[in-house]
Amino acid sequence: MPTITLPDGKNIRFLDKITGLQIAEKISNSLAKQAIVISVDGVLKDLDYVIDKDCSIKIFTSKNEEGLQTIRHDTAHILAMAVQELFPGTQVTIGPVIENGFYYDFARKEPFTKEDLIKIENKMREIVDRNEITKREIWDRNKAVNHFKKKGEIYKAELIRAIPEDEEVSIYYHGQWHDLCRGPHLLSTGKIGKYFKLMKVSGAYWRGDSKNEMLQRIYGTSWATQKDLDEYLKRIEESEKRDHRKLGKEMDLFHFREESPGTVFWHEKGWTLFQKLINYMRNKQNNAGYKEVNTPEILDRELWEKSGHWEKFGEHMYTSTTPDEKVFAIKPMNCPGHIQVFNQGLKSYRDLPLRISEFGKVHRYEPSGSLHGLLRVRGFTQDDAHIFCTEDQITSECLIVTNLILDIYKELGFENVILKYSDRPDLRVGSDSIWEKAELALLDAVKASKLEYTVNKGQGAFYGPKIEFVLRDAIGRDWQCGTLQVDLNLPSRLEASYVDKDGIKKVPVMLHRALFGSLERFIGILIEHYAGKFPFWISPLQTVVIPVTEDFNDYASEVSKKIRHVGISSIADTKKHNLNYKIRDHSQAKIPLLLICGKKEVDSNSVTIRRLDSNDHQNMNLDVFLQTFSALNKVS
RNA sequence: GCCCUUGUAGCUCAGCUGGUAGAGCAAUUGAUUUGUAAUCAAUAGGUCCGCGGUUCGAAUCCGUGCGGGGGCACCA
């Protein structure tokens, strides 16, 4: 006689054992129809799970995250079922739910083609129509292993063997087809609806290990309604439109070429953007007490051996052998160079904290498959700085850095920032006691920032723990940009020291920090965030002056020149095209302001402003225009 | 690096089962002089990614290298 507690606190007493579905039926018909899965004392169960003792329950529908995830999980099963019906001999492995959908990994010699995906999707709809009944059974572990082995399902057998001894081995049936699975599942295949779509096939290593064989992964998406599915597909389309590689080409910002994969050829407009960001940052950093320096791009191998990079990072480093057989490395980081700057002259505790910054171009040999437009390159410019300080200054310096980062992100249009804190990795230099100290000081700063943060165990740099700054863009995607790392190892390896109050030489703590991280990458993110429509002050070409007819070419050129003189970029478009053509042309080039000049403007010494994506025309006296807009120009 | 996929004019793309290439836009020239998202016409433009093979004949088929794309792994 179980007493069931509902989410609202009400108790219902049943005379006999009962299932989730029966409870839903008792509550309302519509709930029974919509019910997908039930939690019993916080554990998700199938709707036909038999409840025979007191407990509290909650019934989920597709409107809940739990319900939607169950739908996706079921869709993954139906995918596996469809694949095995169409392609006998294909082995199934795992098929989890992921953000917006699911995937399933298969072992099969022949690759799945695009046409196969269509066939599979049709088969899946057929299986939904067949409405196969779901059944759950608990099997003996050895029986299960042998069963799947006999069927030729080597991977499944291995998965079962890996299940901890104290856990049950549950098998789910959908009709005749069955699979090892923790569940829960919907009561039949008809319940998932048909709001799914197979998205793509790709390779994926068995158990995520690159030493293992590669399986074929089919990605899919699955939703509660057709509307949700359509909206999701629309969202993907929208983000493709923002792709910085596409916009970079269209807007003539940069290009890549075969001779040097993973490095950027910046065009005039892209480079203007680049320089604007550097100037903006330089100004901010000067105000925050940084000293900008510049250090060599190529340094003797010995230095990198001493710093530990050669051993820990060597496979990602470019090297160069000179005619006299000396080996130099092209810097993958700026830190050793900055320590050498610090090492010039005797430093006192009074010099600390010493903040050395550099817009340093570094090269890292990234795996070919990881390259991705501006977002992952082999040659890039860091807005790098190293702060030499005492242990007592760590937390306060970290806070200054955090505030600087947040200020800059905000001005560039990113309001949402979270922190990721990472502690010691397996592969590292330095003693445990030193790590202990560094981790605690950095964590203090994280907590003091009052920002939301996550902890990533074992993800720190080889020389110290770190914080990463993650910002959220206009369409909700997260990007890791800034980083702040405590380093208690490198300074001593490269013999940095300062004279303390007591006259004794001590090793300073070094903080590594980058705000954008990589300028290249940050520009990629900016392009996607703004969909190429940059705010006026960042835009690489801010104004185009358009004469209504050729008669006004001279006036347009003159206006354009005056605009350039107040530090706003401008060209006059005196080409032989009509007004409409030019407006369309420059609107597509995403120029923030178009200035139209005709008889009216000449007579009144004015311009008519047309803003991007707006049909409003605003006439303004030229001098007023120059004054108003140069004031908006934070950097030129 | 691994799996799949892809590479044709400056750009976007067409070119079926092998018979040495085509469109739109851009460019150039000419006409048009236009008030807020494409005026009209003519002209020019190609090592069909590189190398090798099959074939009488390869943009097309096969092999290989390089690059791009989607993932996986990597991201100190």
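Below, chains carry the letters A, B, ... as their sequence lines are ordered, and counting in each starts from 1.
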*Asks:* Over all strands shown, is Q618(A) touching base, sugar-phosphate only, or nothing at heavy-atom distances under 4.0 angstrom?
*Replies:* nothing
*Asks:* If we ignore angles and hydrogens, is there a donor and acceptor under 3.5 Å between the side chains of Q84(A) and T90(A)?
*Replies:* no
*Asks:* Does rC72(B) have OP1 or OP2 under 4.0 Å away from a side-chain N or O of Y219(A)?
*Replies:* yes
*Asks:* At 4.0 Å (heavy atoms only), tell me whether K246(A) reaches a base, stays on the sugar-phosphate, or touches nothing.
*Replies:* nothing
*Asks:* Checking Q216(A) side chain against F112(A) main chain: does a donor-acceptor pair fall under 3.5 Å?
*Replies:* yes
*Asks:* Measuring only the P atom in each nucleotide, how far is rC2(B) from rG45(B)? A whole number of Å is fine.
*Replies:* 42 Å
*Asks:* On a whole-Å scale, what distance lies between the P atoms belonging to rG10(B) and rG46(B)?
*Replies:* 8 Å
*Asks:* Classify the nucleic acid contact of P261(A) as base, sugar-phosphate or nothing, counting any heavy atom under 4.0 Å across all strands shown.
*Replies:* sugar-phosphate
*Asks:* Say whether T295(A) and E358(A), considering side chains only, have a donor N or O and an acceptor N or O under 3.5 Å apart.
*Replies:* yes
*Asks:* NA contact type, K599(A), heavy-atom cut-off 4.0 Å: base, sugar-phosphate, or nothing?
*Replies:* base
*Asks:* Under 3.5 Å, is there a donor-acceptor pair between the side chain of T574(A) and the main chain of P547(A)?
*Replies:* no
*Asks:* Mind checking if H372(A) touches a base, just sugar-phosphate, or nothing, with heavy atoms under 4.0 Å?
*Replies:* sugar-phosphate
*Asks:* Using atom C1' of each nucleotide, how far apart are rA59(B) and rU8(B) to the nearest Å?
*Replies:* 7 Å
*Asks:* Start at the 5' end of RNA chain B and walk down; is the nucleotide closest to F380(A) or to L371(A) reached first?
*Replies:* L371(A)
*Asks:* Between rA73(B) and rU47(B), how far apart are the two C1' atoms, rounded to whole Å?
*Replies:* 37 Å
*Asks:* From CG of L375(A) over to C1' of rG69(B), roughly how many Å is that when rounded to an integer?
*Replies:* 14 Å
*Asks:* Which comes earlier along RNA chain B counting from the 5' end, the contact point of H617(A) or that of M333(A), where each point is its nearest nucleotide?
*Replies:* H617(A)
*Asks:* Counting only Watson-Crick pairs (N1-N3 plus N6-O4 or O6-N4) and G-U wobbles (N1-O2, O6-N3), all under 3.5 Å, who is the partner of rC74(B)?
*Replies:* none
*Asks:* Please report the distance separating the C1' of rA38(B) from the corresponding atom of rU34(B), rounded so that it comes out in whole Å.
*Replies:* 14 Å
*Asks:* Return the polar atom pairs (N/O with N/O) between nucleotides 29-34 of chain B and the protein under 3.5 Å, or none.
*Replies:*
from	atom 1	to	atom 2	distance (Å)
rU32(B)	O4	K576(A)	NZ	3.1
rU33(B)	N3	E550(A)	OE2	3.4
rU33(B)	O4	E550(A)	OE1	3.3
rU33(B)	O4	E550(A)	OE2	2.6

*Asks:* What distance do Q480(A) atom CD and L419(A) atom CG have between them, rounded to the nearest 0.5 Å?
*Replies:* 11.0 Å
*Asks:* Under 4.0 Å between a side-chain N or O of K249(A) and OP1 or OP2 of rU12(B)?
*Replies:* yes
*Asks:* Would you list the pairs meeting salt bridge (charged side-chain N to carboxylate O under 4.0 Å, His left out) in which at least one residue belongs to residues 516-530 of chain A, sequence neighbours left out?
*Replies:* R477(A)-E528(A)
*Asks:* Counting the atoms with a prime plus P, OP1 and OP2 as sugar-phosphate, which does T113(A) contact under 4.0 Å by heavy atoms, base, sugar-phosphate, or nothing?
*Replies:* nothing
*Asks:* For M214(A) and rG71(B), give me the distance from atom CE to atom C1', rounded to whole Å.
*Replies:* 9 Å
*Asks:* Do E258(A) and rG65(B) have a side chain to base donor-acceptor pair shorter than 3.5 Å?
*Replies:* no
*Asks:* Which whole-number value in Å describes the distance from I98(A) CD1 to rC72(B) P?
*Replies:* 8 Å
*Asks:* Does a side chain donor of either N100(A) or R72(A) reach within less than 3.5 Å of an acceptor in the other side chain?
*Replies:* no
*Asks:* Between the base of rG1(B) and the side chain of Y205(A), is there any donor-acceptor pair under 3.5 Å?
*Replies:* yes
*Asks:* Could you state the CD1-P distance from I583(A) to rA38(B), rounded to the nearest angstrom?
*Replies:* 9 Å
*Asks:* Under 3.5 Å, which donor-acceptor pairs link side chains of residues 453-463 of chain A to any protein atom two or more places apart or in another chain?
*Replies:*
from	atom 1	to	atom 2	distance (Å)
K457(A)	NZ	D423(A)	OD2	2.8
Y463(A)	OH	Q485(A)	OE1	2.5

*Asks:* Using purine N1 to pyrimidine N3 plus N6-O4 or O6-N4 for Watson-Crick, or N1-O2 and O6-N3 for G-U wobble, both under 3.5 Å, which nucleotide pairs with rA59(B)?
*Replies:* none
*Asks:* In whole angstrom, give me the gap between the P atoms of rG15(B) and rU39(B).
*Replies:* 30 Å
*Asks:* Just the rounded figure in Å: distance from P of rC4(B) to CD1 of I120(A).
*Replies:* 16 Å
*Asks:* Between S260(A) and T263(A) (side chain of the first, backbone of the second, donor and acceptor by atom type, cut-off under 3.5 Å), is there such a pair?
*Replies:* no
*Asks:* Take atom CG of N619(A) and atom C1' of rG35(B), then tell me their distance rounded to the nearest Å.
*Replies:* 12 Å
*Asks:* Paired with rC25(B) by Watson-Crick or G-U wobble geometry, both distances under 3.5 Å: which nucleotide is it?
*Replies:* rG10(B)
*Asks:* Over all strands shown, is D585(A) touching base, sugar-phosphate only, or nothing at heavy-atom distances under 4.0 angstrom?
*Replies:* nothing
*Asks:* Measuring only the C1' atom in each nucleotide, how far is rA23(B) from rG70(B)? A whole number of Å is fine.
*Replies:* 29 Å
*Asks:* Check whether any side-chain N or O of R245(A) sits under 4.0 Å from OP1 or OP2 of rG68(B), and answer yes or no.
*Replies:* no
*Asks:* Contact class for Q216(A) (heavy atom, under 4.0 Å): base, sugar-phosphate, or nothing?
*Replies:* nothing
*Asks:* Taking only N and O in the side chain of K200(A), is any of them less than 4.0 Å away from OP1 or OP2 of rG71(B)?
*Replies:* yes
*Asks:* Would a distance-only check, ignoring hydrogens and angles, find a side-chain to backbone donor-acceptor pair under 3.5 Å from H316(A) to Y365(A)?
*Replies:* yes
*Asks:* Is it the case that the base of rA37(B) and the side chain of R610(A) share a donor-acceptor contact (distance under 3.5 Å, atom types as modelled)?
*Replies:* yes
*Asks:* Side chains of R242(A) and H244(A): donor-acceptor distance under 3.5 Å anywhere?
*Replies:* no
*Asks:* Who is the Watson-Crick or G-U wobble partner of rU39(B), with both distances under 3.5 Å?
*Replies:* rA31(B)
*Asks:* If you measure from the C1' atom in rC11(B) to the same atom in rA58(B), how many Å do you get, rounded?
*Replies:* 27 Å
*Asks:* Base, sugar-phosphate alone, or nothing: which one does D426(A) contact when heavy atoms must sit under 4.0 Å apart?
*Replies:* nothing
*Asks:* Rounded to whole angstroms, how far apart are CG on D209(A) and C1' on rA73(B)?
*Replies:* 9 Å
*Asks:* rG1(B), OP1 or OP2 - any side-chain N/O from S368(A) closer than 4.0 Å?
*Replies:* yes
*Asks:* Do the side chain of R521(A) and the base of rC75(B) come within less than 3.5 angstrom through a donor-acceptor pair of N or O atoms?
*Replies:* no
*Asks:* So what's rC16(B) paired with, Watson-Crick or G-U wobble, going by both distances under 3.5 Å?
*Replies:* none
*Asks:* Could you give the CZ-to-C1' distance, from F112(A) to rG71(B), as a whole number of Å?
*Replies:* 15 Å
